[in-house]
Structures are given as structure tokens and as C-alpha cells.
Amino acid sequence: MSEYKRSHNCGDLNAKDDGQEVCLMGWVDTRRDHGGLIFVDLRDRYGLTQIVFNPNQDSLHVAKDLRSEYVVAIKGQVRKRPDAMVNKKMQTGEIEVEASECKILSAAKTPPFQLDDDNVTEALRLKYRYLDLRRPKMQKNLQVRHLLTNHIRQFLNTQDFLEIETPILYKSTPEGARDYLVPSRVHPGSFYALPQSPQTLKQLLMISGYDKYYQIARCFRDEDLRAERQPEFTQLDLEMSFVDIEEVKELNQRLVSYLWKELRGQDVGTIPTITYDEAMNRYGNDKPDLRFGMELQDITDMMKSSSFKVFSDVANREGGAIKGLICPNASDFSRGKIDKLMNVVKKGGAKGLVWLKWEKDKISSPVSKFFDDASIKDIITKMGGKEGDIAFIVADDWGITCASMAALRLHLGEELNLIDTSKDAFTWVTDFPLFDYDPNEKRWIAMHHPFTAVKEEFLEDMLNDREENFPNLRAKAYDLVCNGYEIAGGSIRIHQNEVQAAMFRALRISEEEAKQRFGFFLEALHYGTPPHGGIAWGLDRVAMILCDTDAIRDVIAFPKTAKAYDAMSESPAPVDRAQLLELGITTLKSQTNKT
RNA sequence: GGGGUGGUAGUUAAGUUGGUUAUAACGCUGCCCUGUCACGGCAGAGGCCGCGGGUUCGAGUCCCGUCCACCCCGCCA
């Protein structure tokens, strides 16, 4: 028997290869045994090729033993299939390979799930991830992800950006998420932190004069997971010197346009910009899904003198807001359906949901004793509705009203199929508040991060510590939103140390604490810092959109479960006491000692 | 930390008001089959009904607890 050397992959061959002697290697996808004749679909990441084993060939005996997922090498001749037997669904369906020789390179146990079954529970897929990753869908997703990073690099490399790596073993970053810590053996009792983002490092690179930097950076945050959140994830991190907001947006607009044209075949056009306040008031959140309308309507002022006390109280109270939306042609919503919507708004914190139905010749509402038919029609009309519509209204503190109505809007958008999935909808969201008040700690915290520059018109307020104006301060921060996902966020950074000092005063971070936590960075600001700014993309979320999936796990080769557990390697796991001793952390109770 | 949904052959699911031997499809095993590509036919094996406790003459089914997976809130600058 002669040597096997792969000549083609399983997606290569077509009619013009008719007659060629080839050698293919791959996995047995399916075997169809006709007694005297056996068909095997051989699979690799390039495709499927039908192998036919004829009774006059010795290889038929080997083919009898083949089972799903066996790895085999076959030699044979490419044969054009007769017209009636062409399989138009297959890339290689014009041909088949008549096997003269077949060698089992590796047998396989019966897989714990069928690779062609798209309904397998995720727990099982994650435990046997290496099998899950054989499925064409996952292979396609990871290929798209590869193309994404590849195109990002291609684009940025032509724009004078340098790709620079920054450390994974680093120092705890300020005011952020919970850190993952790594104990130091050489410095007992001291810890590295895995970076939540390369934020300070990329700013230092600007101070070092690298001008334009990017990195496809792994980031770590020890917080609870979500469908679009993993404890370790990837950012496209980039930073530019001597720029203001417009330059950063312009560069990213071109990057998005390039990526979407190449990878999605879409012309994204000019990405619109809305302010944070506008986003909140029109959509209830700062990452609006603009693939459908159904904008929120504010009726706070209209309700100030209402006889419905719930409304008038909220309308007249400091920080109260009454918002609603019109659900068109939905006046036939059943009571049960509306009750379910109650649960939706409760997610946002609302205590109740008021609805006004304008059916033909009939007005109905749970609050109809406070509003006569004419005024209900008036409210619906002023909200942009008409006969046949239903209006949903929430009255609460502004934040709760926004969050509740945002949840309701998204729910209705999905349920009523209002979302146009044929085209992705981007928007910039800008003018974020600089500060957010933390009522628990009774202090201001940075909404973005403490290196974010304030807009010029508010600089005086900051430098003079005018705390009463803090709620009005707006940052030079911007998010890029696509289909309701925040896919990128960034800001222009503080490059003057007196401004940075004012920021720390505002955040009640003492000089001593600031020095201890990131003194190196503050000192660097004194050595000639260019104005700079940048952005960080959630690369996984972009990949999700490009792969048309709503689970981040589908675009990560080896993801973790909702409990941050790796079901395949069974990690995290206890370690030997000896390892802990060496790291000087035996004062912590070892899990191996746990009862 | 809180809420929701789910956990039944290898897989995906059905399982009524608690009541004989817990079903089906796919997969798996064996036999048959020379043109299939969701191959077909015949036969067969395969179940601590997530785990622990309780109610009951009797629990997959009811109750309590617990674990796991997914989704949401909190959290994620």
C-alpha cells in the first residue's frame, strides 16, 4: 500500500477534476451502506465530498467498518456524477470520489450528540466543545471572527496605526469591575490583576509618542455573565493622539463602513449621532435599537393637573416622569397579553402599567374613571396614536420610567416583528453625563472612567469643584451602538494634570490613594502628554452581529457558562496545598480543605 | 444576591385528575439491500425520570430543599 498524502480538501473538487487521482482526509460525516455499495460523506472544514466504495474494490471491506467521526484517508479517482445523481445542495455535488484505498487514521467513539442536531442543550455542547466546534455553524462563526480581526488589522495598518501588545499581568485599575487577581510567588502577599482593559497602558503609549495604537486585547472582568457578556472577552482597543471627538468618530465610521461592506455586503451610510439625553428620552436607554420606531412619548407636563393622583403626583414631583408609547393596531390586545406586559415593565422597576385602548366606538382603560373618553382620545392623539391603537404608560422616577419603557419597547418590537433584520442600524450616542451619583457611597462616580475629559463649556465647573453643577456636566464620551448593542465606547482623555487632579477631587479619591493606585500614570501626565482619545470595541459583540447570533458563546471557541465555569476543562478547580504554600496564600482556606 | 424557564433512554422531546411493563423520533448494535445523499427494510439493546428529603397504600407527576444549564434584574467605569 502506497503512502497517503492529502492532495485536496473536501471542498475542493468539482467537475473539472474528473478523472484525477486524489487523496482526501477527513471525518466520516455520514455512511450510507447499500450492501454492495457504500457511500461516505467525508468532512473537513472546507466542505463535504461524497466517497463511493464499489464492490470490486478491496476498500469496501474497510468502508464496512467506518462509523461517524472516524478519521480516514482515502485514495481514488474523481468521477463526474451522471446528471440524474448530481446533488445541487452540495458544493462538490457534481462529482464523487471512487475509493480505491481507504485507511482508518483514527477510530471514534459514538459522539454524545449528533453533530447535525441544532437543538442540543448548551451544557452538553460546552462539555464536548471540541465536538461542537466541528459543526459547520461553529466553524463558520469562527471563520467570520477570523475575517473580522483580519480586516480590522488590514484597515488600521493602512491608517498608520501600530499594533502593540500590553501586559496581561498588570495592576488593578481604578473604579472598575471586580478584578481577577493573580498571586505573586516572588512577592508573597502581593497580586497582579488581569487587565479589565488596557486603558492606562494605551494612554501611556500616547505619552510615549506612538501616536496611533491598536490592539486586539483580551480583557477580564469578574462580574456576572449575560448572553452578551463573558468574564474574559476581546476588545479592539485603539487610541489616537492630537485628536478630538470628530477625528475618532470619523476613523471609526470608515472602519465600520469597510468592515460591513467586506463582511456583510452592507452600505452602512453615515452613522447618525444622538445625545445621551435624546436617546434616553426617545428610547429609554443609551443603546437604542434603531431598527424600528415606536419611540417613547413624554406626557409628564400633560398630567400635572390630572385627577388621576398617581399621574399628577409623579408629574409634579422632582425627578418624576411619565412616558408612554403607542402600539399601533393593537387595540385588540387581550387582557392576558397585557398582563404579561406588566411583567416586562417590572423588569425596569415600574410598579404598574397603564393602558389606554381606542377601539372602534369604544374606549377602555383601567383608569377610565379618571379620564373621560374624549381626554383618552386626546392623550392617544397627542402621543401620535389613532383609533385602533393602544397606548402604554408608565409613571415613576425618570430612571425607572425610562428603563421600564425601554424594556417594553424592545419586547413589543420583537413580539410584533417590527424589527427590520435586513439591515443593521448604527448610531453614535454622545454627550454622556460625566458623573453619576452613588447614593450608597454618597459620592460622585465617573460614568465612563476617571480619565474621561469633560466638554470645554463645563471645564470651569470642574476645576472649581462646583459640585452643584455636577449633574449637568457632560463628558467627551461616545458609544457606538448597533442593533441595540453597545459595540464600542470611548472618550477623549484628560491630558492636563490639573484637570486630572480635579477629577480625583470630584470622585473623592485622595491624593494618597490616587498615588498608590496609579501614581505612575499621574506622574507620566507631567512629562508632556498630547491631547488624545480613543475607543474600545467589544469585538465579540461585533462578531455576534456578523454571525447573526444573540449568544456571545457562539463566537468564542471555548467560552464559560453563566457561572463562569469551563464545563470542558472543569475549571476553576482546587489546587494542591503545596501550590498555595509556594504562593504564600495559605492563610486563605484552601478549597482542598473545605469540608 | 434576586426573579423566570428548564432538567425523563446517547440526543431531542411526549407523559392526562398521582395508579399495570414510562412513550416517540433520531442516534446506537445486528442482519438484508448496487445509486444514495434526511438512503431504505427487518430485528434488537438502551431509563437511580438531575440529586436529597417529605406527603401517600402508591410519585416522572404533589410539597420542601439542593445542584446544573439558559434568560432577565442587580452588577458590568
Side-chain angles (χ1 to χ4, degrees), chain A residues 29-42 48-57 60 64 67-69 79 81-82 84-90 92-93 96 98 109-128 131 173-179 196-197 199-200 219-231 233 340 343-350 400 403-404 407 410-411 432-436 438 440 444-452 475 477 479 486 489-491 503 507 536 538 550-551 553 560-563 565 567:
Chain A
D29 196 67
T30 50
R31 186 183 64 119
R32 295 178 292 280
D33 187 343
H34 288 248
L37 184 72
I38 296 175
F39 297 100
V40 164
D41 289 339
L42 197 65
L48 286 176
T49 299
Q50 175 165 283
I51 315 296
V52 58
F53 295 84
N54 277 317
N56 57 340
Q57 302 277 5
L60 186 74
K64 287 266 179 214
R67 293 294 181 273
S68 284
E69 301 307 314
R79 279 198 339 201
R81 298 196 203 178
M85 290 156 199
V86 167
N87 185 342
K88 293 206 173 67
K89 285 182 280 182
M90 277 174 93
T92 62
E96 63 194 358
E98 187 180 22
K109 285 165 71 172
T110 303
F113 56 91
Q114 288 162 253
L115 301 196
D116 59 358
D117 184 350
D118 282 335
N119 269 326
V120 184
T121 52
E122 201 148 359
L124 198 68
R125 288 175 52 199
L126 291 175
K127 183 174 177 187
Y128 297 96
L131 296 179
T173 40
E175 296 247 328
R178 206 174 285 114
D179 284 317
Q196 297 177 25
S197 84
Q199 184 61 37
T200 51
C219 304
F220 305 86
R221 292 177 190 176
D222 186 6
E223 297 294 343
D224 287 343
L225 288 75
R226 280 288 192 289
E228 80 295 351
R229 241 159 56 188
Q230 282 273 306
F233 60 99
K340 283 193 186 123
N343 295 325
V344 174
V345 297
K346 276 181 183 162
K347 283 200 303 194
I400 289 174
S404 304
L410 285 174
H411 179 88
F432 281 85
L434 185 66
F435 296 120
D436 206 7
D438 182 341
N440 296 324
W444 295 94
I445 54 174
M447 188 149 171
H448 191 49
H449 59 56
F451 311 116
T452 305
D479 280 356
E486 180 199 327
S491 62
M503 172 61 87
L507 299 177
D550 48 17
R553 297 176 299 279
K560 291 175 180 58
T561 70
K563 286 236 164 113
Y565 183 68

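Remember, it's a predicted structure, so these values are computed and weren't measured experimentally. Chain A is the first sequence line, chain B the second, and so forth, proteins listed ahead of strands; every chain is numbered from 1.
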Less than 4.0 angstrom from a charged side-chain N to a carboxylate O is my criterion; do R229(A) and D224(A) meet it? no
Contact under 4.0 Å: R67(A) side-chain N or O vs U29(B) OP1/OP2: yes
Is there a donor N/O on one and an acceptor N/O on the other, under 3.5 Å, for the side chain of D224(A) and the base of G74(B)? yes
Per V120(A) side chain, nearest of listed nucleotides G10(B), U12(B), C72(B): U12(B)
In whole Å, I'd like the distance from the CZ atom of R31(A) to the C1' atom of C33(B). 13 Å
Write down the distance between CG (L115(A)) and C1' (G27(B)), rounded to a whole number of angstrom. 11 Å
Of the listed nucleotides (G35(B), C76(B), C72(B)), which one gets closest to any side-chain atom of R226(A)? C72(B)
G40(B) pairs with which nucleotide, Watson-Crick or G-U wobble, both distances below 3.5 Å? C32(B)
Go through the N and O atoms of the side chain of R32(A) and the base of U34(B), and report whether any donor-acceptor pair is under 3.5 Å. no
Would you say C71(B) has OP1 or OP2 under 4.0 Å from some side-chain N or O of R553(A)? yes
When you measure only distances, ignoring hydrogens and angles, does the side chain of R221(A) come within 3.5 Å of the base of C76(B) through a donor and an acceptor? no
Value in whole Å for how far the C1' atom of C37(B) lies from CG of L42(A): 14 Å
Using a 4.5 Å cut-off on heavy atoms from C-beta on, say whether the side chain of R81(A) contacts that of N87(A). yes
Sugar-phosphate, base or nothing in reach of M447(A), heavy atoms under 4.0 Å: sugar-phosphate
Less than 3.5 Å between a donor and an acceptor, one on the side chain of R79(A) and one on the base of G35(B), is that the case here? yes
Does the side chain of R81(A) get closer than 4.0 angstrom to OP1 or OP2 of C37(B) through an N or O atom? no
Within the structure shown, what part of the strands sits under 4.0 Å from E96(A) by heavy-atom distance: base, sugar-phosphate, or nothing? base
Stacking check F113(A) vs U11(B) (5.5 Å / 30 deg): no
Minimum heavy-atom separation for D479(A) and G490(A), please, with both atom names. OD1-N, 4.3 Å
Ignoring backbone atoms, test whether T110(A) places a side-chain nitrogen or oxygen under 4.0 Å from the OP1 or OP2 oxygen of G27(B). no
Check whether more than 12 heavy atoms from other residues, nucleotides or ligands sit under 6.0 Å from atom NZ of K560(A), and answer yes or no. yes
Is there a side-chain contact between R32(A) and Q50(A) in this structure, where contact means two heavy atoms from C-beta onward sitting under 4.5 Å apart? yes
Using the closest heavy atom to pick a nucleotide of RNA chain B for each, name whichever of S197(A) or D550(A) lands nearer the 5' end. D550(A)
F53(A) atom CZ is separated from C33(B) atom C1', nearest whole Å, by 18 Å
Which base, if any, makes a Watson-Crick or G-U wobble pair with C70(B), both distances under 3.5 Å? G4(B)
Measuring only the C1' atom in each nucleotide, how far is A45(B) from G27(B)? A whole number of Å is fine. 13 Å
Atom CG of D41(A) and atom C1' of G35(B) are separated, to the nearest Å, by 13 Å
Who pairs with G65(B) - Watson-Crick or G-U, where each distance is under 3.5 Å: C51(B)
Minimum heavy-atom distance between F233(A) and Q196(A), given as atom pair plus value: CZ-O, 4.1 Å
P-based separation of C62(B) from U16(B) [nearest Å]: 9 Å
With sugar-phosphate meaning primed atoms plus P, OP1 and OP2, does L124(A) contact a base, only sugar-phosphate, or nothing at under 4.0 Å between heavy atoms? sugar-phosphate
Are the ring of H34(A) and the six-membered base ring of C39(B) within the stacking cut-offs of under 5.5 Å and under 30°? yes
Just the table, please: protein N/O against nucleotides 24-26 of chain B N/O, every pair under 3.5 Å.
unit_1	atom_1	unit_2	atom_2	d
C26(B)	O2'	Q114(A)	OE1	3.2
C26(B)	O2'	Q114(A)	NE2	2.5
C26(B)	O2	Q114(A)	OE1	3.2

Applying a 4.0 Å non-hydrogen cut-off, can you work out what N87(A) is touching in the nucleic acid: base, sugar-phosphate, or nothing? base
Where each residue is assigned the nucleotide of RNA chain B containing its nearest heavy atom, which of P55(A) and A567(A) is assigned the position nearer the 5′ end? P55(A)
Is the closest side-chain heavy-atom distance between F451(A) and T200(A) below 4.5 Å? yes
Contact under 4.0 Å: K89(A) side-chain N or O vs A38(B) OP1/OP2: yes
Taking only side-chain N and O atoms of T121(A), does any of them lie within less than 4.0 angstrom of OP1 or OP2 on U12(B)? yes
Which nucleotide in the set C68(B), U36(B), C72(B) lies at the smallest distance from any side-chain heavy atom of K563(A)? C68(B)
Value in whole Å for how far the P atom of A38(B) lies from CG of D117(A): 16 Å
Can you tell me the distance, in whole Å, between the CD atom of E228(A) and the C1' atom of C73(B)? 13 Å
Check whether any side-chain heavy atom of V120(A) lies under 4.5 Å from a side-chain heavy atom of Q114(A), and answer yes or no. no
Base-contact (B) and sugar-phosphate-only (S) positions in nucleotides 40-51 of chain B, heavy-atom cut-off under 4.0 Å, - elsewhere: ------------
